Amino acid sequence: MKITILGTGTSCGVPVIGCQCEVCRSSDAHDKRLRCSILVETATTRVLVDAGPDFRQQILPQPFRRIDGILITHSHYDHVGGLDDIRPYCQFGQIDVYADPLARKGMLEMLPYCFAENRYPGVPRIELHEIHANEAMRIGDIDILPVEVMHDKLPILGYRFGDFAYITDMKSIAPEQALLLHGVDTLLVNALRFDRPHHSHQLVDDAIDFAHSIGARRTLLTHLCHDIGLHDEANKRLPEGVELAYDGQIIEKNGKSFA
């Protein structure tokens, strides 16, 4: 299994429109951050986590083959705003999209034309499935465990894939949910910035403490805003075993990066 990190930015992305800070003006590709998403693949199965408004740009460099399922963390626009762009993949058949009850409701309201009884010709062929935290599932040959985390007061889903876990937009997690992540080798988790607390997102120190609490060997930080600083300089501030993720990074299941 390999994981391709399609995007590591917050809802505004980096650079932020109109911003002239040194991060937004940086020429380093590591400082260009599209909205958060990952692609999890084996030789026979392909699973996308979230399809934000940058999905088209993110997927174009990837080989064109079937997407077997799309896992939704929550229905905020920066995580589902690109669902309409899955249309070309519908030539392989309908696409199964998995979401918890709140995210399912949000998508029905946001994209009603995709789920209408009499659908307009050409709309994505989506089959929407309701899933729940703590209930293991399988897509193709990929085993998945949804885990509930809190995005301020909104319950959303993170996902565990064997010894790899992906969590974005988390502010807190209940102890019983954290237990489901113990034994994870590689953790990809949100960390908005180093300082200035946010009401619905954890900061770098919070992410590091969480990673240590579940025993992750390697931690990559995502959902990063421009306040995180320049990629290379920010990485120097992080402890051993923790690093900033970047768009296009590829991770093997055992945590070894080869791109």
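Quick caveat, the model's predicted, so the values are computed rather than measured.
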Correct closest heavy-atom pair for L187 and A216 would be CB-CB, 4.0 Å

- Message: Closer than 4.0 angstrom, basic N to acidic O: yes or no for K105 and E109?
- Response: yes

Sequence neighbours excluded, the answer for side chain to side chain contact (heavy atoms under 4.5 Å, CB included) partners of D232 is D28

inquiry  = Under 4.5 Å between side-chain heavy atoms, counting indirect links through other Ile/Leu/Val/Met/Phe/Trp/Tyr residues: same cluster for I67 and L83 or not?
reply    = yes

Original post:
Are the side chain of E41 and the backbone N or O of K2 linked by a donor-acceptor pair below 3.5 Å?
Top reply: no

Worksheet item: If we ignore angles and hydrogens, is there a donor and acceptor under 3.5 Å between the side chains of D84 and Y113?
Response: yes

Does one side chain, of D68 or T45, offer a donor that lies under 3.5 Å from an acceptor on the other?
-> no

Open item on the list: Would R237 and F194 count as a cation-pi pair here, with the cationic atom under 6.0 angstrom from the ring centre and within 45° of the axis?
Closed with: yes

For V23, the hydrophobic cluster (side chain heavy atoms closer than 4.5 Å, chained through members) also holds V14, L230

Exactly one candidate in D169, D54, D78 meets salt bridge (Lys or Arg N to Asp or Glu O under 4.0 Å) with R35; the answer is D54

On a heavy-atom basis, the closest approach of E130 and R104 is OE1-CD, 3.8 Å

Hey, does V49 have a side-chain heavy atom less than 4.5 Å from the side chain of L71?
yes

Quick check on the hydrophobic clustering: are F210 and V242 connected, directly or via other members, by side-chain heavy-atom contacts under 4.5 Å?
yes

- Shared ILVMFWY cluster between F164 and I5, side chains joined below 4.5 angstrom? yes

ask   = Angle class for the F92/F64 ring planes (parallel below 30°, perpendicular above 60°, tilted otherwise)?
value = tilted

Sequence neighbours excluded, the answer for ring pair (Phe, Tyr, Trp, His ring centres under 6.0 Å) partners of H132 is none

